[in-house]
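Report on one structure; see the data block that follows.
For this chain, numbers begin at 1 and follow the sequence in order. This structure is a prediction, so every number in the text was calculated from the model and none was measured.
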Amino acid sequence: MAWNWLSDRVPGYQTIAQRLGMQFFEQDVNKLVFTNHKSFQLFRLGMARKVRFILEGCTNQDEPLRVFEYNYTISTGKSSHTYIQHVYSVNLLNQFQVLSSNHKIFFMR
């Protein structure tokens, strides 16, 4: 049997989490991560959606962050394809001011 890169990544993720001072969770048991992100379009695609291999910690500014894998499957009748996305999510505690400009300012001079 050939080795599959998807087969056993838990030890690698555990090592990364330990080195970065983060917590590691193999599964999104209570669906908390998925629930917090379902408003984004990516999390509405396909079926058989799963969040796995979750690393949780904080940024240098103490903002909560997560890095995780998100899998979903798109079926088109006779065939299907499973997509694996790596997501980096930061909950920004400080609001940033949205900058907007009127395009006429740049072109009128």
Check: Arg66 side chain, Gly57 main-chain N or O, donor-acceptor pair, under 3.5 Å: no
Cluster overlap Leu65 with Leu32, hydrophobic side-chain contacts below 4.5 Å: no
side-chain hydrogen bond (donor to acceptor under 3.5 Å, both in side chains) partners for Thr73, two or more places apart: Thr82
Hydrophobic cluster membership, Val51 vs Val10, 4.5 Å side-chain cutoff: no
Residue pairs fulfilling side chain to side chain donor-acceptor pair (under 3.5 Å) with at least one residue in residues 16-37, sequence neighbours excluded: His37-Ser89
Pairwise ring pair (Phe, Tyr, Trp, His ring centres under 6.0 Å) hits with a residue in residues 8-29, at least two apart: Tyr13-Phe53
Reported CZ-to-OG1 distance for the pair Arg9 and Thr15, which is rounded to 0.5 angstrom: 14.5 Å
same_hphob_cluster(Val33, Phe40) at 4.5 Å side-chain heavy-atom cutoff: yes
Within-4.5 Å side-chain heavy-atom neighbours: Glu69 and His86: yes
Hydrophobic cluster membership, Val87 vs Tyr72, 4.5 Å side-chain cutoff: yes
Counterpart residues, side-chain hydrogen bond (donor to acceptor under 3.5 Å, both in side chains), relative to Ser79 (two or more places apart): Thr76
For Phe34, all residues meeting ring pair (Phe, Tyr, Trp, His ring centres under 6.0 Å), sequence neighbours excluded: none
side-chain hydrogen bond (donor to acceptor under 3.5 Å, both in side chains) partners of Ser75, counting only residues at least two apart: none
Hydrophobic cluster identity match, Ile74 and Ile84, side-chain contacts under 4.5 Å: no
Minimum heavy-atom distance Tyr70-Arg49, with the two atoms named: OH-CD, 2.9 Å
From SG (Cys58) to CD (Glu56), nearest 0.5 Å: 9.5 Å
Nearest atoms (heavy-atom pairs only) where Glu63 meets Asn91: CB-O, 3.5 Å
